[in-house]
Every structure is written in structure tokens, then in C-alpha cells.
Amino acid sequence: MDLSGRSILLTGASGGIGRATAELLAQEGAKLTLFARRQEPLEALRSRIESRGGTAIAVAGDVRNAPDTARAVAEAVRRFGGLDAVINNAGIGYLASLTEASDRTVQELLEVNILGTFRVTRAAFSALALRAGSRDRRDGSVIVNVSSFAGKVGVPYYSFYNASKFALVGMTEAWRRELGPRGIRVALVLPAAVETEFLSRLDRGRALGLGPAGTVLTPEEVARAIVGALKRPRPEIFIPRRNRWIALLNVMVPSLSDRIVNRLFRYPGRGA
């Protein structure tokens, strides 16, 4: 997909990966609908993009709220004449052991990471299908879901975050097969840990492991992968690429993967 002039809805746009992605897409000439909960940073980003010659609108809302997602899609269509792509980037994180977790926090995690992605994509479906079927857009429309390597490999203390991201992986795979014949291509981005507000709020001793498990990406690295997924949609994009082989090992030899993961993640209270 040539991104110049394309109408793209980006969730979680106000910071971290979303902000970096918005700035890169603006450089590519995309027309952006920036969607996030925080009005002030969202407006600041819109202003920054427009001051550099880009095109963007800001829509404050919550992916957990169906009327908000419908409003974001409606604004994109009204301002830009349609919708070519959706990037489901909004998400939250939560690290806790089985005994530490609370019902409320786990429910919120699933509401944002899974149901939020569902609500945005459902709201956008008609506009994406219309664009995919139009004569002047023969290369179709695109959905990019931003998951995590935690959607492929389970790690101690990540179980609830793992659950949300594993679900997103499965949902994306099904949509890829369901929507592909209709001209809507679906891509999945699977980054390792990223230096964002999410990571800064966590206990880094729990969040990061040893060696390759301690890899921390910049938001800009993930943004480049997201833009690449729009230009050339692929089923799964691992960042870094070596993580693809770790995910394969996790499926083929789970007992070996258990031993490796437990060696790479040694937390206080779990033994030496």
C-alpha cells in the first residue's frame, strides 16, 4: 500500500509506539485520525504533525466504549472521505502472580487489549470493506494489530497479559483468513519489550529477563515495523526477527522451552 493520501485510524496514538507511528505515517503523507483517551497529548501531537505539513485530526475516546469507537470511524470517513487502514495499537499491561492478581485489573486488561481491538475493528469494518471493494483501491485495505511477543511465549508473572495477547494473536489469525477474501488484509506485529510508559511503571526486575529476554526496543523501531506492515502486509512480524525461532521452539519442544524461560527469568522468591 502506498501510504500517501491514505486515511488511517490509529488507536493509542497519544504516546509511546502510537506517537512514534503517527509521526512516521505523517512523513509518508498519510491522513491520520488519532484516537486515544488523553485529549491534551493527542491535541499536541496533532498540532505537531500539522506544523510539519502533515494532516491529522484528534478524537479523544476510549476503545472500551463502542460509541467512542464509532465516533472515531465516523470522523475519519467524514474528514477524509473513507478509511484505508486501521492500526489497533491501544493496549495496557499488567504483571502479577496468580495470587496477587485482582478481578478488576484482569478484567480491565482484557477489556482494553481484546474487546477494545474488537470494538474498533467492528466499527471500522464497513468503511474498510467499502474501500477494499472500490475500483480506485485495488490493493484493498489493511488492519494492523499490535500484539507482543508475550502473545507467543508465556512468562512467569505475565500470565494475564499473556492471555490478552495470545487471544489477540488468535483473533488476528482468524480475521486474516476471514477478511482476506474480501480484500481486507490483516497483519500482526509482535515486538519484544518496548521502552514506553508501560515498561517504566513496572518492576523491571519482573518485566525483563536475562540475555535475549532482556531486549528492550525503542518506540521508533516498532513504528517502522508497523509502517512496513501497512506497505506490505505479512501474517506475522517479529521484532527482533530472531524471536520467530524462539516462538517456534515454544510450540515444537515446550518442555525445553519451559527450562529456558525459567532460567532467563529468575525473580526474587523463585529460587536461584
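Values reported hereafter were calculated over all heavy atoms of this structure, with side chains retained and with hydrogens, waters and symmetry mates removed.
When atom types are taken as modelled, the side chain of N250 and the backbone of K152 share a donor-acceptor pair closer than 3.5 angstrom. A donor-acceptor contact shorter than 3.5 Å links the side chain of T11 to the backbone of N89. T172 contributes a side-chain N or O that, together with a main-chain N or O of L168, makes up a donor-acceptor pair within less than 3.5 Å. At least one donor-acceptor pair closer than 3.5 Å links the side chain of S7 to the backbone N or O of G82. Under a 3.5 Å cut-off, the side chain of S47 and the backbone N or O of A44 do not form any donor-acceptor pair. Formation of a donor-acceptor pair under 3.5 Å by the R6 side chain with backbone atoms of D2 is found in this model. Proximity of a side-chain donor or acceptor of N113 to a complementary backbone N or O of I92 within less than 3.5 Å is detected.
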message: The test is side chain to side chain contact (heavy atoms under 4.5 Å, CB included); show your working for I246 and F238 and say whether it passes.
response: CA-CA 11 Å; I246 302 172; F238 287 84; over 6 Å; no

- prompt: Which is it for R64 and E108 under the salt bridge (charged side-chain N to carboxylate O under 4.0 Å, His left out) test, yes or no, and what are the steps along the way?
  reply: CA-CA 9 Å; R64 295 173 294 182; E108 181 183 18; 3.4 Å; yes

Full working for side chain to side chain contact (heavy atoms under 4.5 Å, CB included) between L128 and L179: CA-CA 10 Å; L128 293 172; L179 303 180; over 6 Å; no

Verdict with reasoning, E75 to F35, per side chain to side chain contact (heavy atoms under 4.5 Å, CB included): CA-CA 11 Å; E75 280 297 300; F35 185 48; over 6 Å; no

Criterion side chain to side chain contact (heavy atoms under 4.5 Å, CB included) on I226 and L24, from CA distance to verdict: CA-CA 10 Å; I226 293 170; L24 191 53; over 6 Å; no

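Rounded to the nearest 0.5 angstrom, W175 CH2 and I143 CD1 are separated by 6.5 Å. For the atom pair L115 CG and N65 CG, the distance stands at 12.5 Å (nearest 0.5 Å). To the nearest 0.5 angstrom, I237 atom CD1 is 9.0 Å from R244 atom CZ. Here F166 contributes atom CZ and S159 contributes atom OG; the two are 11.0 Å apart, rounded to the nearest 0.5 Å. Separation of atoms CD (E173) and CG (N145) is listed at 12.5 Å; rounding is to 0.5 Å. A distance of 9.5 Å separates CG in L230 from CZ in R185, rounded to the nearest 0.5 Å.
Proximity of L25 to I87: side-chain heavy atoms (C-beta onward) are separated by under 4.5 Å at one or more points. Side-chain contact between L217 and I239: present, with at least one pair of heavy atoms (C-beta onward) separated by less than 4.5 Å. Taking the side chain as every heavy atom from C-beta outward, I57 and F80 approach each other to under 4.5 Å. Within the 4.5 Å cutoff, the side chain of L9 has heavy atoms near those of the V73 side chain. You'll find the side chain of S14 stays beyond 4.5 Å of the side chain of L45, heavy atoms only. Looking only at side-chain heavy atoms (C-beta outward), V63 and N88 stay at 4.5 Å or farther from each other. The shortest distance between side-chain heavy atoms of I49 and R46 does not fall below 4.5 Å. Inter-residue side-chain proximity for P235 and R176 is flagged as met; some heavy-atom pair is nearer than 4.5 Å.
Qualifying salt bridge (Lys or Arg N to Asp or Glu O under 4.0 Å) partners for R37, counting only residues two or more places apart in sequence or in other chains: none. The side chain to side chain donor-acceptor pair (under 3.5 Å) test applied to Q27 returns no partner, not counting sequence neighbours. For R71, the salt bridge (Lys or Arg N to Asp or Glu O under 4.0 Å) partners two or more places apart in sequence, or in a different chain, are D68. In this structure S126 satisfies the side chain to side chain donor-acceptor pair (under 3.5 Å) test with no other residue, sequence neighbours excluded. With sequence neighbours left out, the salt bridge (Lys or Arg N to Asp or Glu O under 4.0 Å) criterion links R48 to E23. Qualifying side chain to side chain donor-acceptor pair (under 3.5 Å) partners for T218, counting only residues two or more places apart in sequence or in other chains: E221.
Here the closest heavy-atom approach between residue G154 and residue V261 is recorded as O-CG1, 4.0 Å. Minimum interatomic distance between V153 and N162 (heavy atoms only, all atoms of both residues): O-ND2, 3.2 Å. Minimum interatomic distance between A229 and V144 (heavy atoms only, all atoms of both residues): CB-CG2, 4.1 Å. Minimum interatomic distance between S164 and I114 (heavy atoms only, all atoms of both residues): O-CD1, 2.7 Å. Closest heavy-atom contact between Y94 and E100: OH-O, 4.0 Å. In terms of heavy atoms, T33 sits closest to A76 at OG1-CB, 3.1 Å.
No salt bridge links E111 with R104; every basic N to acidic carboxylate O contact stays at or beyond 4.0 Å. Using a cut-off of 4.0 Å between Lys/Arg side-chain N and Asp/Glu carboxylate O, R224 and E220 are scored as not salt-bridged.
Linking Ile, Leu, Val, Met, Phe, Trp and Tyr whenever their side-chain heavy atoms come within less than 4.5 Å leaves V251 and I260 in two separate clusters. Using a 4.5 Å cut-off between side-chain heavy atoms of Ile, Leu, Val, Met, Phe, Trp and Tyr, with links allowed through other members, F149 and L256 fall into the same hydrophobic cluster. Hydrophobic clustering, with ILVMFWY side chains joined whenever heavy atoms are under 4.5 angstrom apart, groups V169 together with L249. Cluster membership check: L248 shares its hydrophobic cluster with L188, using side-chain heavy-atom separations under 4.5 Å among Ile, Leu, Val, Met, Phe, Trp and Tyr.
Environment of CD in Q107: sparse, with no more than 12 heavy atoms of neighbouring residues, nucleotides or ligands closer than 6.0 Å. Heavy atoms of other residues, nucleotides or ligands lying less than 6.0 angstrom from CZ of R122 number more than 12.
With hydrogens and angles left out, the side-chain atoms of R131 and S141 include no donor and acceptor closer than 3.5 Å.
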